[in-house]
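All residue numbers in this chain count up from 1 along the given sequence. Remember, it's 1-based here, ligands and their atoms both numbered in the order they're listed. Not measured: the values here are computed from a predicted model.
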Amino acid sequence: MKSKYWLIYIWFLPVLLLTGCGVGQQGIFGMDESGDQVYRDADVAMGTVVQQTIYVDNTCDNDKITDDIFVKIDQLEGELLSRRLEGSEIATINQNSGIKQEISLELAKILEECLQVSKASEGAFDVSLGKLILLWDIDSWTRDSDGEFVVPSQQQIEAALADSGYEYLELEDDTFYMPEGHTLDLGAVGKGLALDALGDMLQEQKGVTAATISLGGSVLTYGSKPDGSPWCVGIVNPFDTQEQLGYLELSGDWCVSTSGDYERFVEAEGRRYHHIMDPATGYPVENDVKSVTILSKSGLLSDALSTACYVLGVEKGMELAKYFSAEALFVTTDEEISMTEGMYSRFFPGNHMMDINVAEE
Ligand code: AMP
Ligand code: MG
């Protein structure tokens with residue numbers, strides 16, 4: 001590892017994804033300096049803020065493209081991914097655990113990729129942790145009558161872990177089986193795989209020249225901006241989420257996903273518990289990682305790897321990212337940033353003074 005200390009003060013450029021539109025605005029339409037038309041829109045979907053900027057030329061015949069994007073996200077959540085929404089494929093599979101089930105080819109492909117990440121990460125990433133995730137109640141961190149979050153008991157954690165394990169999932173073409181009581185949770189890949197589906201949609205829509213869509217901690221860049229300037233994707237500083245750690249300059253099609261302990265957490269018994277689980281202990285991961293950002297051509301991989309690398313920590317996480325030809329950036333509790341060379345070549349730091357380590361190839 002070689003180390004760089006940044007003394008240069010760099011003004012942080014406003015992040016493209018956060019400019020030009022506010023939450024709840026619908027279908028803002030205008031002209032880019034180059035003459036291309038641009039739609040900007042923001043709303044809440046999949047339980048998070050979604051922001052879109054879509055550039056179209058005059059062959060585009062769809063002035064409702066941003067609405068179509070929201071419809072697609074809602075459809076993915078309602079019909080495929082949601083654990084809670086009755087009728088989604090995942091909810092149905094969970095109800096039918098213990099039985100061999102026929103699943104959609106779309107889900108079979110997703111599960112196959114998830115299993116590859118589970119195997120390569122030796123189980124650090126595991127979509128069968130549904131019971132444990134339900135036990136920790138990370139969607140709502142429900143409090144008791146005294147307003148306290150009650151930490152699950154060791155016994156409850158062990159019972160939930162006993163009903164999990166990617167190695168028990170059986171997938172053959174479109175036939176899926178998991179033992180009775182095991183529960184799938186695709187929370188770690190949902191946003192990333194949605195970006196893949198949205199990228200396909202943009203590809204199929206005539207006249208879309210470029211776009212960027214941000215879905216919570218995951219961002220898609222598509223095509224090249226009409227003025228030829230690169231996409232700028234901001235990365236949150238996990239020590240102060242109002243600030244940017246820096247930004248990535250990207251050209252063309254990419255997905256960037258970040259997992260961090262600041263995203264969802266609760267304070268209880270004088271400690272902080274967050275939403276990324278260590279399958280080895282059944283507790284939220286306790287290591288020196290604050291956040292992980294992954295850059296990949298695949299949304300699913302970027303999202304799965306951000307979670308997996310968070311669990312694995314810097315050293316093993318770097319290896320995992322490289323195995324999948326992805327770029328990684330870790331922020332650790334000692335206020336250091338460690339990243340792969342491919343990430344470093346695209347990274348512009350914000351106005352913090354953290355040490356930067358670049359992993360040699
Ligand atoms: P992310 O924010 O992308 O890291 O995803 C975190 C979400 O993935 C959590 O809210 C859980 O639903 C789920 N999750 C937590 N820990 C794991 C894990 N070790 N493997 C797979 N999914 C997990
Ligand atoms: Mg993830």
Side-chain angles (χ1 to χ4, degrees), residues 46-49 77 81-84 88 90-91 94 110-111 113-141 152 157 160-161 164-167 169 182-196 214-220 235-236 238 241 255-266 273-287 289-296 298-313 316-317 320-321 324 326 328-331:
M46 245 184 203
T48 190
V49 176
E77 190 183 27
L81 291 172
S82 177
R83 259 193 290 110
R84 281 164 289 138
S88 86
I90 288 295
N94 286 340
I110 291 165
L111 289 178
E113 282 196 62
C114 288
L115 285 172
Q116 281 170 12
V117 178
S118 292
K119 281 180 196 141
S121 67
E122 294 178 349
F125 171 84
D126 191 336
V127 289
S128 76
L129 291 174
K131 231 176 190 175
L132 184 76
I133 287 160
L134 270 176
L135 175 67
W136 278 93
D137 190 24
I138 60 170
D139 287 338
S140 38
W141 306 111
I157 288 173
L161 280 179
S164 70
Y166 73 93
E167 60 275 38
L169 306 181
H182 288 216
T183 307
L184 293 183
D185 177 306
L186 263 55
V189 285
K191 296 183 179 74
L193 69 87
L195 291 184
D196 289 334
S214 90
L215 233 177
S218 294
V219 177
L220 168 82
I235 301 175
V236 171
T241 55
C255 288
V256 183
S257 290
T258 298
S259 292
D261 68 352
Y262 56 85
E263 285 175 294
R264 264 188 270 168
F265 62 89
V266 70
Y273 297 93
H274 61 80
H275 70 305
I276 304 170
M277 297 293 145
D278 185 345
T281 63
Y283 281 81
V285 176
E286 283 183 66
N287 58 19
V289 178
K290 287 289 290 174
S291 70
V292 182
T293 299
I294 299 287
L295 173 68
S296 166
S298 153
L300 187 148
L301 262 186
S302 70
D303 203 357
L305 291 176
S306 69
T307 311
C309 290
Y310 191 105
V311 180
L312 287 176
K316 286 188 172 173
L320 184 74
F324 284 101
L329 179 155
F330 293 77
V331 183

> Quick one: does Asp303 get an N or O within less than 3.5 Å of an N or O on ligand 1?
Replying inline: yes
> Do the side chains of Tyr262 and Lys290 get nearer than 4.5 Å, heavy atoms only?
Replying inline: no
> Heavy atoms only: which of Ile138, Thr258, Val285 is nearest to atom 10 (O) of ligand 1?
Replying inline: Ile138
>> To check your reading of the model: name the closest protein heavy atom to atom 12 (O) of ligand 1, its residue, and the distance in Å.
In response: Asp185 OD1, 2.9 Å
>> Apply side chain to side chain contact (heavy atoms under 4.5 Å, CB included) to residues Ile276 and Ser259 and explain how you reach the verdict.
In response: CA-CA 8 Å; Ile276 304 170; Ser259 292; 3.8 Å; yes
> Which atom names give the shortest non-hydrogen contact between Gly282 and Met277, and what distance separates them?
Replying inline: O-SD, 4.2 Å
> Heavy atoms only: which of Glu263, Arg264, His275, Arg83 is nearest to atom 15 (C) of ligand 1?
Replying inline: His275
>> Starting from atom 16 (N) of ligand 1, what is the nearest protein heavy atom, named by residue and atom, and what distance separates them?
In response: Met277 N, 2.9 Å
> Where does the angle between the aromatic ring planes of Tyr273 and Trp136 fall among parallel (under 30°), tilted (30 to 60°) and perpendicular (over 60°)?
Replying inline: tilted
> If only atom types and distance count, is the side chain of Tyr310 paired as donor or acceptor with the main-chain N or O of Val289 below 3.5 Å?
Replying inline: yes
>> Out of all atoms in ligand 1, which are within 4.0 Å of some heavy atom of Ala124? Include the element for each.
In response: 18 (C), 19 (N), 20 (N)
> So which protein heavy atom does atom 22 (N) of ligand 1 come closest to, and at what separation?
Replying inline: Ala188 CB, 3.4 Å
> Considering only the protein, which heavy-atom contact is closest to atom 13 (C) of ligand 1, and what is its distance?
Replying inline: Ile133 CD1, 3.7 Å
> Taking C-beta and beyond as the side chain, do Ile90 and Leu186 meet within less than 4.5 Å on heavy atoms?
Replying inline: yes
>> Within the 4.5 Å heavy-atom criterion, are Ile133 and Thr183 side-chain neighbours or not?
In response: no
> From Leu312 CG over to Phe125 CZ, what is the distance, rounded to the nearest 0.5 angstrom?
Replying inline: 11.5 Å
>> Before moving on, can you tell me the angle at the Mg ion (ligand 2) between the OD1 atom of Asp303 and the OG1 atom of Thr307, to the nearest 10 degrees?
In response: 170°
> Of all the non-hydrogen atoms in the protein, which one sits nearest to atom 21 (C) of ligand 1, and at what distance?
Replying inline: Asp126 O, 3.2 Å
> Measuring to the Mg ion (ligand 2), does Gly192 have an N/O/S atom at a distance below 2.8 Å?
Replying inline: no
> Identify the closest protein heavy atom to atom 18 (C) of ligand 1: which residue and atom is it, and at what distance?
Replying inline: Leu129 CD1, 3.6 Å
>> When you compare ligand 1 with Ile276, is there at least one nitrogen or oxygen pair between them that comes in under 3.5 angstrom?
In response: no
> Does the pair Ser306 and Thr258 meet the rule for a side chain to side chain contact (heavy atoms under 4.5 Å, CB included), with working shown?
Replying inline: CA-CA 6 Å; Ser306 69; Thr258 298; 6.0 Å; no
> Which ligand 1 atoms, with their elements, are less than 4.0 angstrom from a heavy-atom of Gly187?
Replying inline: 5 (O), 7 (C), 8 (O), 12 (O)
